[in-house]
Novice: 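Pasting in a structure now, in structure tokens, and then I'll have a few things to ask.
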Amino acid sequence: MKNKIFVFIILFLFPISINAFEINSKSAILYDLDSDKVLYEKNSNEITSIASLTKIMTSIVSIENISSLSDNVVITNDMIKGLIEQDAMVCGYKVGDTVTYEELLYSSLLPSCADATNALAISLTGSISNFVSLMNEKALALGLSNTHFVNTSGLDIENHYSTAYEVSVILKYALKNDTFKKIYTTKYYRIESGQILMSNLEKNLIRYNLKMDYVLGSKTGYTDDAGLCLSSIASYNGINYLLITIGADPTLDLPYNIIDSNTIYNYYFENYTNREIANKEISLNNKYSKDKIIINLPSHLEKLTLDEYSRLEYLYDIENEVSIFTRKEKLGEYKVLLDGETLYSTAIYKPSNIPFSLIVFLYKNIYIELI
């Protein structure tokens, strides 16, 4: 029977916890968008009100049902009634105003106007309830079992909810649409009247003298039930991120949806990068030589945090003793595991330049036999 070696090596190089920071928000989820890898989550499957993050779904459903962005919509009373009384954010459209679908979409996503989302819904389907049905159908089509909509704006109402995870699914889906992505990543937009629409994130960054230059696009949200919310996409050192935060305390002096997002992003900007995980040298016994057989594994980089790097396990499943006469070309396999899941694997093959000693060969095959 041929000998094999099974070796597990667990490296604890950097004692940094994945919970190296605290956030005020009740739930959050961060993705590496390039690999669709979840980097961080906090209560991401907890059902909650989502405030104006609702308008992400409103906008993408609208875009998918609009024939032309330049088509006009005439504002009716049904589109604006009751919003002021509900303390909703509005752009101030009046009955009889004529606006394009393009303006309504920018008004929905940048300053987060509820009169714009209602105008989209009623003009496209005849009523808000008809449009909300399309939103819920889309949620089901995306496989979302913990999301349900009752209105287009996200104002607090019974049975209107989602989770940080499911909002991230909606946003990732919406970003595949070029029109949505263009609007979502816009900070300032001049409408036909000459007025400048500014994204709520940009407005709050200016108000609180904060900087998030790495953010490419965003959608804020706030209601009493949902707290302060923020969805955003960002890019840093060639890595693209998507982040959802929900439920930051609105009674504090600072916008903790922004502060929490900045905390999360900056932790991963500093700790998440390409790391070498397979530049290893393996030493095997040589049956017919005193010289060891050295096999250099191919270099391999993997995007990991320091904490993940400290939890890597290295598994070698290799022939323990090899010689120039070994017939098998494949000697075994090398694996790198993270939390029990295979992160990387490569086959290990017999090298072409295996040392051979005739004296050792004769000793093992003739002298020992004579004894």
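Start at 1 with the first residue, then count along the sequence.
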Novice: Side-chain donor-acceptor pair under 3.5 Å between E158 and H160, yes or no?
Specialist: no

Novice: State whether K335 and E313 are salt-bridged, where the test is any N-O pair (Lys NZ or Arg NE/NH1/NH2 against Asp/Glu carboxylate O) under 4.0 Å.
Specialist: no

Novice: Using atom types as modelled and distance alone, determine if a side-chain donor or acceptor of S199 lies under 3.5 Å from a backbone N or O of E202.
Specialist: yes

Novice: Taking L83 as the starting point, is it possible to reach I122 by hopping between hydrophobic residues whose side chains are less than 4.5 Å apart?
Specialist: no

Novice: Rounded to the nearest 0.5 Å, what's the gap from CG on N45 to OG on S27? Could you check?
Specialist: 9.5 Å

Novice: Given F149 and I50, is the side chain to side chain contact (heavy atoms under 4.5 Å, CB included) satisfied, shown in steps?
Specialist: CA-CA 10 Å; F149 299 104; I50 60 169; 4.1 Å; yes

Novice: How close do G221 and A51 get, heavy atom to heavy atom, and via which atoms?
Specialist: C-CB, 3.8 Å

Novice: The test is side chain to side chain contact (heavy atoms under 4.5 Å, CB included); show your working for K303 and D32 and say whether it passes.
Specialist: CA-CA 9 Å; K303 285 186 287 186; D32 172 347; 2.8 Å; yes

Novice: If you round to the nearest 0.5 Å, how far is CD1 of I259 from CD1 of I264?
Specialist: 12.0 Å

Novice: Mind running side chain to side chain contact (heavy atoms under 4.5 Å, CB included) on D249 and L228 for me, showing each step along the way?
Specialist: CA-CA 6 Å; D249 189 342; L228 294 169; over 6 Å; no

Novice: Would you say Y309 and E302 make side-chain contact, with heavy atoms under 4.5 Å?
Specialist: no

Novice: Kindly say whether G92 contributes a backbone atom to a donor-acceptor pair with the side chain of D115 at under 3.5 angstrom?
Specialist: yes

Novice: Hey, any chance V336 and L301 share a hydrophobic cluster, counting ILVMFWY side chains that come within less than 4.5 Å of each other, even indirectly?
Specialist: no

Novice: Nearest 0.5 Å, please: how far is OH in Y106 from NZ in K182?
Specialist: 4.5 Å

Novice: Are there more than 12 heavy atoms of other residues, nucleotides or ligands under 6.0 Å from atom CG of N159?
Specialist: yes

Novice: Counting only N and O atoms by type, is there a donor-acceptor contact under 3.5 Å from the side chain of E276 to the main-chain atoms of H300?
Specialist: yes

Novice: Using atom types as modelled and distance alone, determine if a side-chain donor or acceptor of D156 lies under 3.5 Å from a backbone N or O of D225.
Specialist: yes

Novice: So, the side chain of K55 versus the backbone of S153: is there a donor-acceptor pair under 3.5 Å, distance only?
Specialist: yes

Novice: Would you find a donor on one side and an acceptor on the other, under 3.5 Å apart, between the side chain of N209 and the backbone of L205?
Specialist: no

Novice: Judged by atom type as modelled, is there a donor-acceptor pair below 3.5 Å linking the side chain of D97 to the main-chain atoms of Y93?
Specialist: no

Novice: For T163 and E166, work out which heavy atoms get closest and say how close.
Specialist: OG1-N, 2.9 Å

Novice: Before you tell me yes or no, could you show the steps for L338 and L304 under side chain to side chain contact (heavy atoms under 4.5 Å, CB included), namely the whole-Å CA-CA distance, both residues' side-chain angles and the distance that decides it to 0.1 Å?
Specialist: CA-CA 10 Å; L338 176 61; L304 297 168; 4.3 Å; yes

Novice: Using the ring centroid of each side chain, check whether Y40 and Y267 are separated by less than 6.0 Å.
Specialist: no

Novice: Going from OG on S231 to CG on L53, what distance comes out if it is rounded to the nearest 0.5 angstrom?
Specialist: 5.5 Å

Novice: F269 vs Y265 aromatic rings, parallel, tilted or perpendicular, using cut-offs 30° and 60°?
Specialist: parallel

Novice: Using 0.5 Å steps for rounding, measure from the OH atom of Y236 to the CG atom of D213.
Specialist: 11.5 Å

Novice: Any chance you could measure I56, atom CD1, to I60, atom CD1, to the nearest 0.5 Å?
Specialist: 10.5 Å

Novice: Can a donor-acceptor pair be found, under 3.5 Å and without considering hydrogens, that links the side chain of N151 to the backbone of L155?
Specialist: yes

Novice: Check whether the side chains of T48 and K26 place a donor and an acceptor atom closer than 3.5 Å, and report yes or no.
Specialist: no

Novice: Assess whether a salt bridge exists between K172 and D36, defined as any Lys/Arg side-chain N lying under 4.0 Å from an Asp/Glu carboxylate O.
Specialist: yes

Novice: Taking only Lys NZ, Arg NE, NH1 and NH2, and the carboxylate oxygens of Asp or Glu, determine whether K37 and E308 approach each other closer than 4.0 Å.
Specialist: yes

Novice: Between the main-chain N or O of N24 and the side-chain N or O of D260, is there a donor-acceptor pair closer than 3.5 Å?
Specialist: yes

Novice: Between the side chain of N43 and the main-chain N/O of E46, is any donor-acceptor distance below 3.5 Å?
Specialist: no

